[in-house]
Number of protein chains: 2
Amino acid sequence: MTEKKEKILESALELFANQGYTSTATSKIAREAGVSEGLIFRHFGNKAGLLRAIMEEGNRRLRELIAPVLAETDPAAVVQKTIEMPFGVPESEYDFWRLQFKLKWDEEYYNPDNIKPLTEKLVWAFTALNFEDPEMEAQLLVQYNDTIGVDMIRGVIRDRPAFKSFLLKKYEL
Amino acid sequence: MTEKKEKILESALELFANQGYTSTATSKIAREAGVSEGLIFRHFGNKAGLLRAIMEEGNRRLRELIAPVLAETDPAAVVQKTIEMPFGVPESEYDFWRLQFKLKWDEEYYNPDNIKPLTEKLVWAFTALNFEDPEMEAQLLVQYNDTIGVDMIRGVIRDRPAFKSFLLKKYEL
DNA sequence: GTCTATAGGCCGATAGAC
DNA sequence: GTCTATCGGCCTATAGAC
């Protein structure tokens, strides 16, 4: 990965996240990245290819975020780490995740398989913890985490530490 | 409201919801609605005006959905009705709500004030029910509802009645 | 008064040639 | 790294049908 190529991805990410994909011109991306417009097409073929590259990066980061939970062997810790997950995302990455969430609403880019391993791990954990309905608990928590992620990015949640402990307490952790 | 005008709104809604606002051409809307393209501009001024009209309808429907909860005087019933809310939305309206969720990501169209009355009502209810932290409970439930709305639209939730009772049980209702 | 058909101006974006 | 061909989308305008 060359430096210029990385700069293109970075600029595209910021612009796509804030102005939307279609309303961001490749010329604007090039200007922002300090490269010639042609270079974008050399590296990514077309504008859609650029978006695709960003999506792949998104899936990679999601797997990275989930990995520690999957590696966990203590059921209670699985639930706890899942809840804490969105709170651990640094603000510097919000642009990135905002774009990912946005793209989830475009059918062609939505891939539900990405979080399947997490759901399965949670089912296992809730079963081990003797919850009455592990499948539903797992589903609720996974989807709920999504919502929390959204709200964090939007800045809806004011007192984050308090909200986190509130949640942990709900699961008696 | 003439018939053609209504047909335009209908087609625009479907296309915006499924293909996105910017990537939907006014010519396509006209074709889908079986009207001349010029008519769109006669009725709505421009493309943004068309979207605005749809959004206004959205806020109206949201208020309609929330109204019964606000009218409720029994605290437990407030919580119960809130939980049941998303389950009562007919599938025929999913396009509509999908668009609303999608547009939440465009700052200019997102208006958080819409659900504020609901949150406040829930704070009141949870206080009356002696929950330890009414503000956070209210916030949590509102977010749950968002999550569930999203899941229903995506078709993630398979057994809806079961999931509904699962949630109600969580609040001991 | 609502609507269609058509024609076209304007703009900006993609893509690729050089 | 610039320049340009080409295309598509937004919107206006007009003349006239129902």
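Keep in mind it's a predicted model, so treat the numbers as computed, not measured.
Atom CG in Leu51(B) sits roughly 12 Å away from atom P in dC10(D) (whole-Å rounding). Taking atom CZ of residue Phe41(B) and atom P of nucleotide dT12(D), one finds them 7 Å apart after rounding to whole Å. Distance CD (Gln19(A)) to C1' (dA13(C)): 14 Å, rounded to an integer number of Å. Taking atom CG of residue Leu50(B) and atom C1' of nucleotide dG9(D), one finds them 15 Å apart after rounding to whole Å. Per the geometry, CD belonging to Glu37(B) stands 11 Å off C1' belonging to dT12(D), to the nearest Å. Remark: C1' of dA5(C) and CD1 of Ile40(B) are 15 Å apart, rounded to the nearest angstrom. Computed from coordinates, the Asn46(B) CG to dC11(D) P distance equals 5 Å when rounded to whole Å.
One finds a salt bridge joining Arg98(B) and Asp95(B) here, because a Lys/Arg side-chain nitrogen approaches an Asp/Glu carboxylate oxygen to under 4.0 Å. The residues Glu132(A) and Lys169(B) are annotated as salt-bridged, a charged nitrogen and a carboxylate oxygen being separated by less than 4.0 angstrom. A salt bridge between Glu56(B) and Arg60(B) is absent, with no side-chain N of the basic residue lying under 4.0 Å from a carboxylate O of the acidic one.
Side-chain atoms of Arg63(B) and Asn114(B) include no donor-acceptor pair closer than 3.5 Å. In the model, Glu37(B) has a side-chain atom that pairs as donor or acceptor with a side-chain atom of Thr26(B) under 3.5 Å. Looking only at atom types and distance, the side chain of Glu135(A) has no donor-acceptor partner in the side chain of Gln139(A) under 3.5 Å away.
Listed by residue number, the members of residues 1-12 of chain B with any heavy atom below 4.0 angstrom from DNA chain C are Thr2(B), Lys4(B). Contacts between residues 20-33 of chain B and DNA chain D, defined by a heavy-atom separation under 4.0 Å, are made by Thr24(B), Ala25(B), Thr26(B).
Geometrically, Arg61(A) engages Phe96(A) in a cation-pi contact, judged by NZ or CZ lying under 6.0 Å from the ring centre and within 45° of the ring axis. Within the cation-pi definition used here (under 6.0 Å to the ring centroid, within 45° of the axis), Lys47(B) qualifies as a partner of Tyr21(B). Judged by a 6.0 Å distance limit and a 45° cone about the ring axis, Lys5(B) is positioned over the six-membered ring of Phe44(B). In this structure, Lys104(A) is not positioned above the aromatic face of Phe101(B) in the sense of NZ or CZ being under 6.0 Å from the six-membered ring centre and within 45° of the axis.
For Ser36(A), counting side-chain heavy atoms from C-beta on, the closest listed nucleotide (dG1(D), dT4(C), dA15(C)) is dG1(D). Nearest nucleotide to the Leu39(B) side chain, out of dA15(C), dC11(D), dC3(C): dC3(C).
Here the side chains of Val142(A) and Thr82(A) are not in contact, with every heavy-atom distance at 4.5 Å or above.
Using a 4.0 Å heavy-atom criterion, one finds that Gly34(B) contacts the sugar-phosphate atoms exclusively.
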Any protein N or O atoms within reach of nucleotides 15-18 of chain D? Criterion: under 3.5 Å, listing atom names and distances.
none

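Phosphate proximity of dC3(C) to His43(B): present, with a side-chain N or O under 4.0 Å from OP1 or OP2.
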